[in-house]
Amino acid sequence: MLTATRTTLPGLPEQVRVARRWLSAWLGHEHPAEYAAVQLLSEAFGNSVLYARPGGMVELTVELTDQLVRVEVVDRGGQGEPALRYEPDSDRESGRGLYILDFLAKEWGWERLSDQRLRFWYTVGF
């Protein structure tokens, strides 16, 4: 069984909280993947706000199957590419997000769309 939902939010820092609440409400607090999926959305949406070209909207799509949650975050794209660039150390104030995502997600990846937007996705199993 596959169920899905989607929404579009402004690519602004204050919208990270809105995105988290949206996903949490859709999955429900009792869903076994809710915590991990919502935490990872914070990272993915936050990176869209930081690294995408400013002024755009962020599209969120969530698909739920019997065994996993798949979340896609599509933004206007930018110059950079999501990658694990260095080992996080205790002295850095940032740069740990993709490592956390890599640890909690079953899989993750990204692709540049034909219109130069960036689609970042991750899955969480349960």
Side-chain angles (χ1 to χ4, degrees):
M1 179 175 84
L2 174 72
T3 57
T5 189
R6 78 178 44 204
T7 193
T8 303
L9 299 170
L12 301 170
E14 59 270 17
Q15 295 299 306
V16 174
R17 178 182 55 226
V18 174
R20 288 169 51 96
R21 289 181 182 159
W22 169 79
L23 179 55
S24 181
W26 190 74
L27 286 174
H29 294 299
E30 300 301 318
H31 192 280
E34 186 256 351
Y35 180 80
V38 169
Q39 294 306 310
L40 297 180
L41 181 58
S42 288
E43 176 61 27
F45 197 101
N47 281 349
S48 280
V49 170
L50 285 173
Y51 300 116
R53 291 182 305 212
M57 301 296 281
V58 178
E59 298 172 17
L60 304 174
T61 303
V62 182
E63 296 176 344
L64 178 63
T65 69
D66 294 335
Q67 297 181 357
L68 63 87
V69 177
R70 178 184 168 95
V71 178
E72 292 185 359
V73 178
V74 178
D75 61 39
R76 291 185 63 192
Q79 297 300 318
E81 300 174 348
L84 299 171
R85 288 188 169 74
Y86 54 83
E87 289 294 324
D89 62 41
S90 60
D91 293 339
R92 290 188 183 267
E93 292 185 17
S94 65
R96 293 178 182 84
L98 280 181
Y99 284 95
I100 293 169
L101 193 138
D102 191 53
F103 181 76
L104 291 176
K106 182 173 181 164
E107 295 180 298
W108 66 273
W110 65 275
E111 65 182 310
R112 184 80 53 193
L113 303 176
S114 61
D115 60 4
Q116 296 307 304
R117 293 183 305 154
L118 185 109
R119 175 186 293 134
F120 183 89
W121 60 269
Y122 62 88
T123 61
V124 177
F126 56 93

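Here, residue 1 is the first one in the sequence, and each next residue gets the next number.
- L23 and A37 make their closest contact through CD2-O, 3.6 Å (heavy atoms, listed as atom of the first residue, atom of the second, distance).
- Within a 6.0 Å radius of CD in Q67, other residues, nucleotides and ligands contribute 12 heavy atoms or fewer.
- With a 4.5 Å cut-off on side-chain heavy atoms, L60 and L41 count as touching.
- Within the 4.5 Å cutoff, side-chain heavy atoms of V124 are placed close to those of L40.
- Qualifying side chain to side chain contact (heavy atoms under 4.5 Å, CB included) partners for R117, counting only residues two or more places apart in sequence or in other chains: E59, V74, L113, D115.
- In terms of modelled atom types and a separation under 3.5 Å, the side chain of R53 and the main chain of R76 share a donor-acceptor contact.
- Within a 6.0 Å radius of CZ in R112, other residues, nucleotides and ligands contribute more than 12 heavy atoms.
- Checked by atom type and distance alone, the side chain of T61 never pairs as donor or acceptor with a backbone atom of R6 at under 3.5 Å.
- A ring-ring contact (aromatic ring centres under 6.0 Å, His included) check over residues 14-65, counting only residues at least two apart or in different chains, returns the pairs H31-F126.
- L104 and V73 fall within a single hydrophobic cluster, where Ile, Leu, Val, Met, Phe, Trp and Tyr side chains are chained together by heavy-atom contacts under 4.5 Å.
- Atom-to-atom distance recorded for E63:CD and L68:CG is 9.0 Å, nearest 0.5 angstrom.
- Contact detail for K106 and G125: the closest heavy-atom pair is CB-N, 4.2 Å.
- Looking at every heavy atom in both residues, S24 comes nearest to E34 through OG-OE2, 2.5 Å.
- The nearest pair of heavy atoms linking V69 to A33 is CG2-CB, 4.0 Å.
- When all heavy atoms of W108 and Y122 are compared, the pair lying nearest together is CB-CB, 3.9 Å.
- D75 and S48 make their closest contact through OD2-OG, 2.7 Å (heavy atoms, listed as atom of the first residue, atom of the second, distance).
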